Amino acid sequence: MASDTKKFQAIISHCKEYGFIFPSSEIYDGLSAVYDYGQWGSELKKNIREHWWKSMTQFHENIVGIDAAIFMHPTTWKASGHVDNFSDPMIDNRDSKKRYRVDHLIEAHAEALETAGKKDAAEKVIATMESLLATNDYTGLKKFIEDEKIKCSVSGTSNWTDVRQFNLMFSTQLGSVAEDANEIFLRPETAQGIFVNFLNVQKSGRMKIPFGIAQVGKAFRNEIVARQFIFRMREFEQMEMQYFIRPGSQKEWYEFWKGERMKWHVNLGISSDKFRFHDHTKLAHYADAACDIEYNFPIGFKELEGIHSRTDFDLKNHQEFSRKKMQYFDPEVNQNYIPYVIETSVGLDRTVMMLLSEAYQEEDLSTNDKQDSRVVLKFPPTLAPVKLAVLPLTKKDGLPEIGRRVMDICKTRFKCFYEEKDTIGKRYRRMDAIGTPFCVTIDHQTKEDDTVTIRFRDSMLQERLPVSSLITLIESRLQSNN
RNA sequence: GCGGAAGUAGCUCAGUUGGUAGAGCGACAGCCUUCCAAGCUGUAGGUCGCGGGUUCGAACCUCGUCUUCCGCUCCA
């Protein structure tokens, strides 16, 4: 574990040093739990995003993509349950420094009463709590906790702070005149942009159930504690797909998507024992089944993707709040119904972090006479920020001119990088450090027969081949993904 | 949010009992005429996280603040 923590630190440093990820607004000391993607990080992230997008919308004929706005009508968040469930009153015990959700604390107290045979008292406690919560009466809640002599299980005292509200949604104003402005929220999840567009897409696309709507976009959560690099950020990017199905078929589709999504991750070239499913026992308010795909990060197994059977909760609520029918006529069963939904929701930033964790390697290359090592990022070539580096052996004798010609040929096909400074070995190492899978070196023989050497990142081996077959070789490697 | 630790050049760090900062690597420009880092020459970079206070004088003492890490806590 200690060495894993070290590896995690090393990855964070490497990301900063080599232009992958920087703390946001770093010149002003940074902004907590916000990060910026640099020149190579943004390429990597974009490649992952495109890979996911393709695997959803191109490889499945019945899945289409949308790009919904971050701002949504405020009622959206009432219908989705976020207004009620995304802001929890909390209270701290001053002695033990433990923080509790107020409802959890009082519920535990009620349970204790019930166990002690005081069923009526327990019910009364719950009823009082609910009425206080409903009116957001925080002073009353604190007084109630004190009156009931609820104690912290750790310190055993009733030395409580005030009840405080933690709203996990970011809000802002729509409308520039203050008195006319409406409070709106930055979306805490992208899913609702799909649900409110369900009918638009279904009708305009003449979609037949089962079908899916995919989306990639930013979401925002005012986490109480956001930490661990890009694992938990306040602003993050989700890649989600909502799959609309016939009610009653959710079990089977849930299992189907669990399998599909696991395959997707393993197909990134990651060993399957680095993943596991974690089934939720305590289900969110919208779900009848839910699990996470967890990846074994250097900080341990952590959630990478959520797969949720969301029932008809969202569409039903939007129907209720908007008074627009969210129904689908299914000719096969000759019925109108509100579709059920299976959701797959994967964190893009977490996928970036997974690929970095997977790719980062410190290799000892020492021989008997020489100590040597390198840091290499072994990304799958299709996802690597730069595919090919073009490196003239020296910057004389017309080699750079040939290099420029090779660049012109290749740069329209994939991302290339040109470099003529420093020794060839140093340049190889720099390319290893950003995960470039192929380096092409132009040497004096190139002038005679127009052949170059291609050097492979992982094996460090070289082959000589004509410039004319370069693109074919690299593109075939990019397709086979090795 | 609580507790603990840390913050000096891009990175890793040094800086003696307070006297306005150094090294190695890196970067940049050249040279060596070079197929796997650490050869040579030169150059540039720091109001010592930020802001008060003590002092003739603060990187060093003190208070606050920000950020990061570790542990709790929280987590749709």
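Note: hydrogens, waters and symmetry copies are ignored here, and every other heavy atom, side chains too, is used. Since this is a predicted model, take the numbers as computed values, not measurements.
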*Asks:* Just how far, in rounded Å, is P of B:C11 from CZ of A:R430?
*Replies:*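 After rounding, the gap between these two atoms is 18 Å.
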*Asks:* Could you give the CD-to-P distance, from A:Q228 to B:C69, as a whole number of Å?
*Replies:*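 Answer to the nearest Å: 8 Å.
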*Asks:* Find the distance A:Q9:CD to B:C11:P and express it as a whole number of Å.
*Replies:*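 For the pair A:Q9 CD and B:C11 P, the rounded distance is 15 Å.
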*Asks:* Within 45° of the six-membered ring axis of A:Y428 and under 6.0 Å from that ring's centre, is NZ or CZ of A:R455 located there?
*Replies:*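 Yes, a cation-pi geometry holds between A:R455 and A:Y428.
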*Asks:* Answer yes or no: are there more than 12 heavy-atom neighbours, outside A:K447 itself, under 6.0 Å from its atom NZ?
*Replies:*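 Yes.
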*Asks:* Write down the distance between NE2 (A:H280) and P (B:C75), rounded to a whole number of angstrom.
*Replies:*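 The answer, rounded to whole Å, is 13 Å.
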*Asks:* Please name the residue in the list A:F170, A:Y35, A:F220 that meets the side-chain contact (heavy atoms from CB on, under 4.5 Å) test with A:E235.
*Replies:*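 Of all the options given, the one that passes is A:F220.
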*Asks:* More 5' along RNA chain B: A:D397 or A:E189, using each one's nearest nucleotide?
*Replies:*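 The residue whose closest nucleotide sits nearer the 5' end is A:D397.
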*Asks:* When rounded to the nearest Å, what value does the distance between P atoms of B:G24 and B:G39 take?
*Replies:*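 About 13 Å, rounded to a whole number of Å.
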*Asks:* Indicate for each nucleotide in nucleotides 34-44 of chain B, in 5' to 3' sequence, whether protein heavy atoms under 4.0 Å reach the base (B), only the sugar-phosphate (S), or nothing (-).
*Replies:* BBBBB------
*Asks:* Can you find a side-chain donor-acceptor pair between A:E240 and A:T190 that sits under 3.5 Å?
*Replies:*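 Looking only at side-chain atoms, A:T190 and A:E240 do form a donor-acceptor pair, the distance falling under 3.5 Å.
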*Asks:* Sort out the partner of B:G30 for me: Watson-Crick or G-U wobble, both distances under 3.5 Å, none otherwise.
*Replies:*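 In the structure as shown, B:G30 has B:C40 as its Watson-Crick or wobble partner.
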*Asks:* With both distances under 3.5 angstrom, what nucleotide forms a Watson-Crick or G-U wobble pair with B:C72?
*Replies:*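 Pairing partner, where one exists within any strand: B:G1.
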*Asks:* By the 4.0 Å heavy-atom rule, please label A:R232 as base, sugar-phosphate, or nothing.
*Replies:*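 Answer is base: heavy atoms of A:R232 come under 4.0 Å of a base.
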*Asks:* With C1' as the reference atom in both, quote the distance from B:A27 to B:C11 in angstrom, rounded to an integer.
*Replies:*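 Each nucleotide's C1' atom is 11 Å from the other's.
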*Asks:* Quick test: give all pairs of protein nitrogen or oxygen and nucleotides 4-10 of chain B nitrogen or oxygen below 3.5 Å, distance rounded to 0.1 Å.
*Replies:*
none

*Asks:* Should A:T351 and A:W52 be marked as a side chain to side chain contact (heavy atoms under 4.5 Å, CB included) after you check the CA-CA gap, both sets of side-chain angles, and the distance that decides it?
*Replies:* CA-CA 10 Å; A:T351 310; A:W52 181 88; over 6 Å; no
*Asks:* Name the pairing partner of B:U65, where a pair is Watson-Crick or G-U wobble with both distances under 3.5 Å, or state none.
*Replies:*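 B:U65 is paired with B:G49.
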*Asks:* Please give, in whole Å, the distance from B:A76 P to A:F236 CZ?
*Replies:*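 After rounding, the reported distance stands at 12 Å.
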*Asks:* Return the value, rounded to whole Å, for the distance between atom NZ of A:K396 and atom C1' of B:C31.
*Replies:*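 Checked: the NZ to C1' distance equals 9 Å.
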*Asks:* I'd like the P distance from B:C60 over to B:G15, given in whole Å.
*Replies:*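 These two P atoms come out 15 Å apart once rounded.
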*Asks:* Can you tell me the base-pairing partner of B:U20? Count Watson-Crick or G-U wobble geometry only, both distances below 3.5 Å, and say none if there is no partner.
*Replies:*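 None - no nucleotide pairs with B:U20, as no candidate has both distances under 3.5 Å.
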*Asks:* Determine the interatomic distance between P on B:U43 and the same-named atom on B:A6; round to the nearest Å.
*Replies:*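 Their P atoms lie roughly 37 Å apart.
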*Asks:* Which value, in whole Å, describes the distance between the C1' atoms of nucleotides B:A59 and B:G51?
*Replies:*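 So the two C1' atoms sit 16 Å from each other.
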*Asks:* Can the ring centroids of A:Y295 and A:F297 be said to lie less than 6.0 angstrom from one another?
*Replies:*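 Aromatic pair counts; centres sit under 6.0 Å.
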*Asks:* So with a 6.0 Å cut-off around CG of A:D67, is the heavy-atom count from everything else above 12?
*Replies:*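 No, not enclosed.
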*Asks:* Just label B:G45 as syn or anti from its O4'-C1'-N9-C4 or O4'-C1'-N1-C2 angle, using within 90° of 0 for syn.
*Replies:*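 You should classify B:G45 as syn.
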*Asks:* Would you kindly give the NZ-to-P distance between A:K302 and B:C75, to the nearest whole Å?
*Replies:*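 Going from NZ in A:K302 over to P in B:C75 covers 14 Å.
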*Asks:* C1' atom, B:A21 versus B:U8: distance in rounded Å?
*Replies:*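 Straight-line distance between the two C1' atoms is 8 Å.
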*Asks:* Please tell me if the side chains of A:E419 and A:M431 come closer than 4.5 Å, counting only heavy atoms from C-beta onward.
*Replies:*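 No; the side chains remain at least 4.5 Å from each other.
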*Asks:* Can you tell me, in whole Å, how much space there is between the P of B:U62 and that of B:G4?
*Replies:*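 Those two atoms are separated by 15 Å.
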*Asks:* Can you check the A:K421 NZ to B:A27 P distance for me, whole Å?
*Replies:*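 From A:K421 NZ to B:A27 P: 11 Å.
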*Asks:* Is it true that, when you exclude A:F301 itself, more than 12 heavy atoms of the residues, nucleotides or ligands shown sit nearer than 6.0 Å to its CZ?
*Replies:*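 Yes - once you tally the heavy atoms of other residues, nucleotides and ligands closer than 6.0 Å, there are more than 12.
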*Asks:* With a 4.0 Å limit, can you tell me whether A:K395 has a side-chain N or O closer than that to the phosphate oxygens OP1/OP2 of B:U33?
*Replies:*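 No, A:K395 has no side-chain N/O under 4.0 Å of OP1/OP2 on B:U33.
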*Asks:* Applying a 4.0 Å non-hydrogen cut-off, can you work out what A:A10 is touching in the nucleic acid: base, sugar-phosphate, or nothing?
*Replies:*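 Nothing, no heavy atom under 4.0 Å.
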*Asks:* Could you tell me whether A:D422 and A:R429 have a side-chain N and a carboxylate O separated by less than 4.0 Å?
*Replies:*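 Looking at A:R429 together with A:D422, the answer is no, because their closest N to O distance does not fall below 4.0 Å.
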*Asks:* Please state the C1' separation for the pair B:G49 and B:G7 - nearest whole angstrom.
*Replies:*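 About 6 Å, rounded to a whole number of Å.
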*Asks:* In sequence, state the C-alpha distance, the side-chain angles, and the governing distance for A:I213 and A:F244, and then conclude on side chain to side chain contact (heavy atoms under 4.5 Å, CB included).
*Replies:* CA-CA 8 Å; A:I213 303 178; A:F244 299 93; 3.8 Å; yes
